[in-house]
Amino acid sequence: EAEVAQSPRYKITEKSQAVAFWCDPISGHATLYWYRQILGQGPELLVQFQDESVVDDSQLPKDRFSAERLKGVDSTLKIQPAELGDSAMYLCATKDSGANVLTFGAGSRLTVL
Amino acid sequence: GEDVEQSLFLSVREGDSSVINCTYTDSSSTYLYWYKQEPGAGLQLLTYIFSNMDMKQDQRLTVLLNKKDKHLSLRIADTQTGDSAIYFCAERGQAGTALIFGKGTTLSVSS
């Protein structure tokens, strides 16, 4: 069964350092989402891509977060500098055009010390 | 803005039925979803329902939608210990928009 691949699964960093997360979507899935899930909360959208274009980044803290999907396939989410409040699970999800269902990756757990 | 609310915790005994409830505010929601999350893992789609339906059944799962009251429920029949997890309700508004999730309901199943 096709999967959304994410790496790293776990990342521990000190505040003010830079971190990056990578997502490889299911082949052919044009829509890609990055969600952040703080412990005890539901996922919240950070950014949505359609192919290589950003569709919605209204909730992305752009002073420290950036996301790209240069060739419309895999995507990178970067945080610089990391803050204590960024500790969370970062989830990538992808969707085929016209489909109604998102498929999530296993997530990247970030701990900022 | 749009909001999705769920009760935070449900405890049942093995073999009983579980009912997890959800309310949402966006009257233009087109699809509503139930996802399951086990500890340290991503979200697994359980089922979803189109807004013009009022019920959907899939093996042990039954989804009921009351569009007038903006109320969605998930019933799990013959609940097993392996069903212990966090269950998220989510709604999608207009086509092309992202899913909005509730805070999740933790289901605890005791044997």
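Among all heavy-atom pairs drawn from A:Gly42 and B:Phe88, the shortest one is CA-CE2, 3.5 Å. Nearest approach of B:Ala98 to A:Tyr33, heavy atoms of both residues: CB-CE2, 3.6 Å. Closest of all the heavy-atom pairs between B:Leu43 and A:Gln37 is CD1-OE1, 4.3 Å.
Within 6.0 Å of atom CG in A:Leu39, 12 or fewer heavy atoms from other residues, nucleotides or ligands are found, so the atom counts as exposed in its surroundings. Few gaps surround CD on A:Glu68; more than 12 heavy atoms of other groups in view lie less than 6.0 Å from it. Residue A:Glu44 qualifies as open at atom CD: its count of foreign heavy atoms under 6.0 Å is 12 or below. More than 12 heavy atoms of other residues, nucleotides or ligands shown are found within 6.0 angstrom of CD on B:Glu14. In the displayed structure, B:Leu45 atom CG is contacted under 6.0 Å by more than 12 heavy atoms of other residues, nucleotides or ligands. Applying the 6.0 Å contact sphere to NZ of B:Lys56 captures more than 12 heavy atoms from other residues, nucleotides or ligands. The neighbour count for B:Lys68 NZ, taken as heavy atoms of other residues, nucleotides or ligands under 6.0 Å away, does not exceed 12.
Neither the backbone nor the side chain of B:Gln6 comes within less than 4.5 Å of any heavy atom of chain A. Proximity to chain A (any heavy atom under 4.5 Å) is shown, for B:Leu99, by both the backbone and the side chain. A:Gln41 touches chain B through backbone and side chain together, each having a heavy atom under 4.5 Å away. Of the atoms belonging to A:Leu91, it is side-chain heavy atoms, and not backbone ones, that fall under 4.5 Å from chain B.
Side chains of B:Tyr35 and A:Leu102 form a contact here, defined as non-hydrogen atoms less than 4.5 Å apart. Put simply, the side chain of A:Asn100 does not reach to within 4.5 Å of the side chain of B:Phe50, judged on heavy atoms.
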